[in-house]
A.B. asks: 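Input: one structure, supplied below.
Lettering of chains follows the sequences in order, A, B, ..., and the numbering in each one begins at 1.
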2 protein chains.
Amino acid sequence: MAKSIKEIAQELNVSKSTVSLVINHKAEQARISKELEKRVLDYVKKVGYKPNSLAKSLATGRSNTIGLIVENIGDSFFGPFALYVEELLRKKDYHVLYSSTLGDPQNAQDIIDFMLEKKVEGILLAPTVDLEEHQRKILEHKVPLVVFDRNSPEVATHYVHIDNGDSSLKACSHLQSIGCENFGLVTIDSDQPQMLARKNAYLQFCEETGMQARILHLPYQNLRQKGMTTLQNWVAKNIELDGLFFTTNYLCILGLKSLRTEEGKNFDFPLFSFDDHELFDLLNPKISCIRQPLEPLAKTCVKVLLKEIDRGVSSPKEYVISTDLIKR
Amino acid sequence: MAKSIKEIAQELNVSKSTVSLVINHKAEQARISKELEKRVLDYVKKVGYKPNSLAKSLATGRSNTIGLIVENIGDSFFGPFALYVEELLRKKDYHVLYSSTLGDPQNAQDIIDFMLEKKVEGILLAPTVDLEEHQRKILEHKVPLVVFDRNSPEVATHYVHIDNGDSSLKACSHLQSIGCENFGLVTIDSDQPQMLARKNAYLQFCEETGMQARILHLPYQNLRQKGMTTLQNWVAKNIELDGLFFTTNYLCILGLKSLRTEEGKNFDFPLFSFDDHELFDLLNPKISCIRQPLEPLAKTCVKVLLKEIDRGVSSPKEYVISTDLIKR
DNA sequence: TATTTCTACTAAAACGTATTAGTAAAGATA
DNA sequence: TATCTTTACTAATACGTTTTAGTAGAAATA
């Protein structure tokens, strides 16, 4: 059914080269006559020719595809982010090959290998732990790489991210401004730099204001199982708490769920989330948050990556996107 | 940097065939001696050979990739669904090429063409309007196709879906059982079969119970702009309403947002959503819903598609997944 | 010893495309 | 008319792999 250039050439009694040149709009430059050009074009249209892009990529060395590697395409940050990326790249005639690592380095390795084998022209990566070596591998293959959201400082790459420290300070100030004098921080037991930055800003705020720091580290592994009771116990123990600052939206959701569980013991202090969520403005009490502006984030990632692809790999830079404080 | 089989062969003073056969674990079958096999294997490992999967696919006709086409990878149904699909296929050594149509047939056409050109081995499609022709095209190319969630009845394909009518009846009965005697239906102005099925079940329920049918059709286009006020006016006009049944979760969210807007006029009747949402159990009043079991849905889609790929295209069948009624 | 069988490989073709060097025929130049 | 240009193409090679048919030499058979 699907005809190849070879077949078309035979059926038209011309050479493969002619057909290929015409199809790729190089008829003029190759001095193909207008008549023949039209004959080929018409026939190509008639039989509904579709190029085999594998062969094409093999011959040209270009795949017009970029890889997007995230932790979880199903979550409320990466999903919409991926959509923006796809939209932006569609306009530039690129396609996106996405994949989720689920935080598993083995998955990440497989995905990266797969993408390199597929000859993606560039990779957009939100790294999880222990990915330094893979990043190096990508760079060794001369494949442009842009890292976003998280970063492993040991490998120098282009890095697009929000200002975690500054945003975190904004959050603290907001909580203070609405009357919280003893709010705690709930974060994840992980040394991801963005998490550390958020925590450190909180600590800095404590130091500057003299507020006592109260920090809960929830386990990164099996958060679902242990997280809720740990949080409940912690809140029960620290009765002087009058506000909670969650360093991610999924932690905040977990907080909402666990603090609601014991019907009578509803908390009655403000919650603040780093990262927005579709329904935060519907909840009671309303959740204020830091919102990562997805579109600017995606735009910057795409712009930087495309530039790398166009002009070749350049020396790594950092790109900081500022966040919005959403008061509710 | 990246060596090819050809280079490796030269450097080892053997033929390309030998290297290829060894790499593909066909050394024994091709009577390559153990010693040579080891020599090749060692060298291949040493130089970190990675096959060029474009060339491989071109030669074998297999891409080990399947396409997943949804409306919006960023939404709370398709995102997590996609993750399940990816996980399931990863186990079978397949990779997923996803893409979002955003409901635009032109996008859909481009995406399908792209996927066919990339020689995906099968396609999983949640069709939007006017996709009949594309589905035909896919089938013409002899590419296995499984349609899910929505369906255009004009083209016969494998179709995995939930039982919309039955689920809708369950929803109605539930609302009745908790005391609603005059609940209305809020749906979308679209002739997608699954929406019609949900509506028709409601009508059937009305007929059987004698309840007066009250249906609001919100515009599919620019829902965001017009939806809220339309809904507000409708609810204000129909004062006898004592419950609302939304045919999708995004309509329910819209409902929550618009009915909350006028602070004083909070509604005080139950809402029911077709499709769950991560935060529905946190809202007040709690939202009961029909939940589409994502995992069984994904499992069935993948199973059917892989079977088609394995055994060749077979005559279309329907697969119905039953839903869960979540009472809150 | 002449023939067959086995061993351990390799040569060659194929997948479908892009690209560059080459060429035959016609036209222009001197 | 002999040479140079231009026109309008095509042949050949390359991309990196898989696969099948083939082959030289050794071993076994008769």
A.B. asks: Expressed as a whole number of angstroms, how long is the span from A:Glu37:CD to D:dC9:P?
C.D. replies: 11 Å
A.B. asks: Should B:Glu11 and B:Lys3 count as an ion pair when the cut-off is N to O under 4.0 Å?
C.D. replies: yes
A.B. asks: Using whole Å, report how far NZ of B:Lys38 lies from P of C:dA8.
C.D. replies: 18 Å
A.B. asks: Quick one: B:Lys6 NZ to D:dT13 P, roughly how many Å, whole number?
C.D. replies: 12 Å
A.B. asks: In whole angstrom, give the distance that lies between atom CD of A:Gln29 and atom P of D:dT6.
C.D. replies: 17 Å
A.B. asks: Tell me the interatomic distance from A:Ile32, atom CD1, to D:dT10, atom P, rounded to whole angstroms.
C.D. replies: 7 Å
A.B. asks: Within the structure, does a side-chain N or O atom of B:Asn24 lie under 4.0 Å from either OP1 or OP2 of D:dT18?
C.D. replies: yes
A.B. asks: When all nucleic acid strands are considered with a 4.0 Å heavy-atom cut-off, which category describes B:Ser4: base, sugar-phosphate, or nothing?
C.D. replies: sugar-phosphate
A.B. asks: By nearest atom, which of the nucleotides D:dT17, C:dT17, D:dC9 is closest to the A:Ala55 side chain?
C.D. replies: C:dT17
A.B. asks: Using only modelled atom types and a 3.5 angstrom limit, is any donor from either the side chain of A:Ser17 or the base of D:dA11 paired with an acceptor on the other?
C.D. replies: yes
A.B. asks: Expected output is a numbered-order residue list: members of residues 115-122 of chain A with a heavy atom under 4.0 Å from any atom of DNA chain D. What is it?
C.D. replies: none
A.B. asks: Count the heavy atoms belonging to other residues, nucleotides or ligands that lie under 6.0 Å from NZ of B:Lys299, then report whether that count exceeds 12.
C.D. replies: no
A.B. asks: Rounded to whole Å, how long is the line connecting atom CD1 of B:Ile8 with atom P of C:dT10?
C.D. replies: 15 Å
A.B. asks: I want to verify a distance call: between C:dC9, C:dC15, D:dT17, whose nearest atom is closest to the B:Thr18 side chain?
C.D. replies: C:dC9
A.B. asks: Just N and O in the side chain of A:Ser20: are any of them under 4.0 Å from OP1 or OP2 of C:dA18?
C.D. replies: yes
A.B. asks: Heavy atoms under 4.0 Å, any strand shown: does A:Thr60 hit a base, just sugar-phosphate, or nothing?
C.D. replies: sugar-phosphate
A.B. asks: Can you find a donor-acceptor pair, distance only, under 3.5 Å between B:Lys16 side chain and D:dT17 base?
C.D. replies: yes
A.B. asks: Measure centre to centre between the rings of A:Phe148 and A:Phe81, then say whether the value is under 6.0 Å.
C.D. replies: yes
A.B. asks: With respect to A:Tyr94, which candidate in A:Val302, A:Thr65, A:Ile309 satisfies the side chain to side chain contact (heavy atoms under 4.5 Å, CB included) definition?
C.D. replies: A:Ile309
A.B. asks: Give A:Leu58 one of three labels, base, sugar-phosphate or nothing, depending on what nucleic acid heavy atoms sit under 4.0 Å from its own.
C.D. replies: base
A.B. asks: Taking the side chain as everything from C-beta on, heavy atoms only, tell me whether A:Pro127 gets closer than 4.5 Å to A:Glu132.
C.D. replies: no
A.B. asks: Looking at A:Glu117 and B:Lys56, is any side-chain nitrogen of the basic one under 4.0 Å from a carboxylate oxygen of the acidic one?
C.D. replies: no
A.B. asks: Whole-Å distance between D:dG16 C1' and B:Leu21 CG?
C.D. replies: 15 Å
A.B. asks: Pick base, sugar-phosphate or nothing for A:Leu36, based on heavy-atom distances below 4.0 Å to the nucleic acid.
C.D. replies: sugar-phosphate
A.B. asks: Measuring from the side chain of A:Tyr49 (C-beta onward, heavy atoms only), which nucleotide among D:dA12, C:dA18, C:dT17 has the closest atom?
C.D. replies: C:dT17
A.B. asks: Counting heavy atoms from C-beta on, name the nucleotide in C:dT10, D:dT10, D:dG16 closest to the side chain of B:Ser15.
C.D. replies: C:dT10
A.B. asks: With respect to the side chain of B:Asn52, which nucleotide from D:dC9, D:dC15, D:dG16 is positioned closest?
C.D. replies: D:dG16
A.B. asks: Using heavy atoms to find the nearest nucleotide of DNA chain D for B:Ala59 and A:Arg31 separately, return the residue whose nucleotide is more 5′.
C.D. replies: A:Arg31
A.B. asks: When you check the gap from the basic side-chain N to the acidic O, do B:Glu86 and B:Arg90 get nearer than 4.0 Å?
C.D. replies: yes
